[in-house]
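My questions all concern the structure below.
Note that these values count all heavy atoms, side chains included, but never hydrogens, waters or copies made by symmetry. Start at 1 and go down the list; that is how both ligands and their atoms are numbered.
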Amino acid sequence: MEHTRIKELLQSEDFGKEVIVKGWVRTFRNNQFIAINDGSSMHNIQAVVDFENTDETLLKRITTGASLRIKGSLIESLGKGQRVEIKVEELSILGDSDPEKFPLQPKKHSLEFLREIAHLRFRTGTFNAIFKVRNALSFAVHQFFRERDFVYMHTPIITGSDAEGAGEMFRVTTLDLNNPPRTESGEIDYKEDFFGKSTNLTVSGQLEGELAAMAFGNIYTFGPTFRAENSNTTRHLAEFWMIEPEMAFYELEDNMDLAEDLLKYVIEYALKNCPDEIEFLKNRLLEEEKSKPQNERSEFDLIEKLNFVLDNKFERVTYTEAIEILKRSKPNQKKQFKYLIEEWGADLQSEHERYLVEKHFKKPVILTDYPREIKSFYMKQNAPDANGRQTVRAMDILFPGIGEMVGGSQREEDLEKLLTRMAEVGIPEKEMDWFLDTRRFGSAPHAGFGVGFERLVLFVTGMTNIRDVIPFPRTPKNAEF
Ligand code: 4AD
Ligand code: MG
């Protein structure tokens with residue numbers, strides 16, 4: 001490789017050294033100053049052209065978006081804003097970029113506009129920072145589990161199991177939709193389909209993860225999951241990445257401790273390893289907030305907010321306690337909630353979660369012991385309380401500005417209880433035989449949770465729309481690129 005990455009040059013003190021850089025033009029000012037970026041850093045390096053001795057036609061081709069190769073000497077910069085720059089000795093265009101057609105101009109573009117050109121938005125400072133932070137968080141997740149001797153397990157993307165009940169699923173089929181084979185009774189005959197049965201994209205790797213945990217002890221998955229729920233919100237994607245650890249011999253408290261440790265670890269990692277990116281994103285957010293009225297601006301800047309999470313223990317509260325707080329809350333009394341909390345058993349909407357986290361506790365909250373009826377069949381059942389209320393050992397971690405970041409539980413390890421619950425909610429035992437074997441042969445207490453990776457990236461970058469923290473978002477009516 002003949003060239004040096006710009007990140008390295010920006011830190012270099014080798015003044016006078018001959019260097020080669022390759023990158024894309026961000027701006028070209030006064031026929032003299034080229035800001036070049038090669039993606040290695042959010043920051044550009046400035047290259048200074050001796051325009052009087054440079055061919056006019058070549059100068060015209062130095063346009064925003066063009067890629068070029070520059071050979072020159074690294075010198076101490078006299079200008080403000082940079083320490084080093086390159087005095088150009090040789091310049092060649094590797095790929096032209098027609099300034100009339102290139103959609104990215106050297107000015108501020110809206111996030112909405114950039115979403116429409118997601119194939120080019122990587123070339124902006126904002127998206128360079130976001131995806132560097134995403135990259136760091138992803139690495140930190142693996143490092144966290146590696147340090148704790150967890151086994152990274154790849155669970156299937158295509159599955160025949162539909163037992164999570166997490167939402168609508170995307171079907172996977174090779175049948176001819178115009179003329180599918182039919183059974184005698186007229187239904188589509190999936191026996192004729194590629195897998196000889198009906199299959200879908202996974203909504204969660206948990207059930208397969210449980211199988212592995214019952215052999216390895218501690219495992220985690222980290223992969224794409226798919227939900228065809230028609231939720232057009234700033235927090236939902238149809239394709240998102242989930243981190244799902246599953247631990248044998250863990251109970252709910254151990255599960256909560258691990259989840260809290262994981263979140264703090266990866267946030268701290270990002271703060272340490274992406275200081276420039278997070279500083280940039282902090283300033284972006286401050287700038288954005290200037291357009292808001294004073295009372296809607298946040299008390300904390302991004303870095304303070306992240307440190308606040310690191311420094312405070314997450315509040316652990318039962319669902320039943322949360323319902324009492326919500327019932328007594330101002331927005332409930334004044335009927336400002338869209339869904340009023342009238343009685344125990346109500347499912348919590350995001351307005352309620354946000355009230356608890358942002359107004360009441362003002363920090364991340366772990367809600368536990370939800371009513372059995374609003375949670376998945378596999379969660380461990382508590383003994384009924386004095387009022388006969390039936391809860392499960394569930395835990396959701398709620399974050400300010402995000403809502404639900406983590407969903408998990410201790411699992412029901414008792415075969416009979418699990419079978420009864422499955423029958424109640426209508427899950428056929430036969431289809432789940434493989435899963436039930438964990439409870440038949442050496443069943444053990446175990447627990448796990450799922451972290452929505454994009455929601456984590458949202459929190460750490462201070463962005464507000466989940467479409468801006470995944471390279472190519474899939475949402476209802478949108479699967480571009
Ligand atoms: O709460 P969920 O549905 O839990 C599960 O799937 C369990 N099987 C996890 C487990 O115990 N192993 O999803 C887990 C997390 C949510 O808390 C949320 O952060 C994220 O996944 N999530 C989504 N993120 C983006 N878009 C969506 N449509 C999401 N649905 C869930
Ligand atoms: Mg959930």
Next on the checklist: Under a 3.5 Å cutoff, is there a donor and acceptor pairing between the side chains of Asn382 and Thr391?
Outcome noted: yes
Checklist entry - So, is Leu237 polar-close to ligand 1, with some N/O to N/O distance under 3.5 Å? => result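 N/O-N/O distance under 3.5 Å: yes.
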Item to check | Pair Phe222 and His142, ring centroids less than 6.0 Å apart | outcome: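 Yes: the rings meet the under 6.0 Å criterion.
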Checklist entry - With distance as the sole criterion, is a donor-acceptor pair present between the side chains of Arg227 and Thr225 under 3.5 Å? => result no
Next on the checklist: Any salt bridge linking Glu424 with Arg421? Criterion: basic side-chain nitrogen under 4.0 Å from a carboxylate oxygen.
Outcome noted: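 Looking at Glu424 and Arg421, the cut-off is met.
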Item to check | Check: Phe249 ring centroid to His446 ring centroid under 6.0 Å | outcome: no
Checklist entry - N/O of Arg411 under 3.5 Å from N/O of ligand 1, yes or no? => result yes
Item to check | Min N/O separation Gly452 to ligand 1 under 3.5 Å | outcome: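 N/O-N/O distance under 3.5 Å: yes.
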Checklist entry - Would you say Met405 has any N or O atom under 3.5 Å from an N or O of ligand 1, going by distance alone? => result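 Yes, at least one N or O pair falls under 3.5 Å.
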Next on the checklist: Looking at Glu358 and Lys362, is there a salt bridge between them, counting it only when a charged N and a carboxylate O are closer than 4.0 Å?
Outcome noted: no
Item to check | Atom indices of ligand 1, in the order listed, that fall short of 4.0 Å to a heavy atom of Tyr378 | outcome: 7 (C), 8 (N)
Next on the checklist: As an exercise, identify every atom of ligand 1 less than 4.0 angstrom from a heavy atom of Gly407.
Outcome noted: 1 (O), 9 (C), 10 (C), 11 (O), 17 (O)
Checklist entry - Going by distance only, is there an N or O of Glu244 that falls short of 3.5 Å from an N or O of ligand 1? => result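 Right, the criterion is met.
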Item to check | Any donor-acceptor pair under 3.5 Å from His236 side chain to Thr233 backbone | outcome: no
Checklist entry - Among Gln206, Arg227, Glu210, which one has a heavy atom closest to atom 6 (O) of ligand 1? => result Arg227
Checklist entry - If you measure every N/O of Glu246 against every N/O of ligand 1, is any gap under 3.5 Å? => result no
Checklist entry - Is the shortest distance from a heavy atom of Glu454 to ligand 1 less than 4.0 Å? => result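 Outside the 4.0 Å threshold, so no.
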Checklist entry - Any idea which atoms of ligand 1 are less than 4.0 Å away from a heavy-atom of Val406? => result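 Selected atoms, number and element: 17 (O).
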Next on the checklist: Distance check below 2.8 Å: does Asp396 bring an N, O or S atom to the Mg ion (ligand 2)?
Outcome noted: no
Checklist entry - Considering only heavy atoms of Arg235, which atoms of ligand 1 have at least one such atom less than 4.0 Å away? => result 25 (C), 26 (N)
Checklist entry - In terms of side-chain geometry, is the basic nitrogen of Lys430 or Asp433 positioned less than 4.0 Å from the acidic oxygen of its partner? => result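 Not counted as a salt bridge, because no side-chain N and carboxylate O are separated by less than 4.0 Å.
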Item to check | Smallest separation among heavy atoms of Pro473 and Arg121, with atom names | outcome: CD-NH2, 3.8 Å
Next on the checklist: Nearest N/O/S atom of Glu404 with respect to the Mg ion (ligand 2), by atom name, please.
Outcome noted: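 Per the distance ranking, Glu404 contributes OE2 as its closest N/O/S atom to the Mg ion (ligand 2).
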Item to check | Enumerated ligand 1 atoms positioned under 4.0 Å from heavy atoms of Gly408 | outcome: 11 (O)
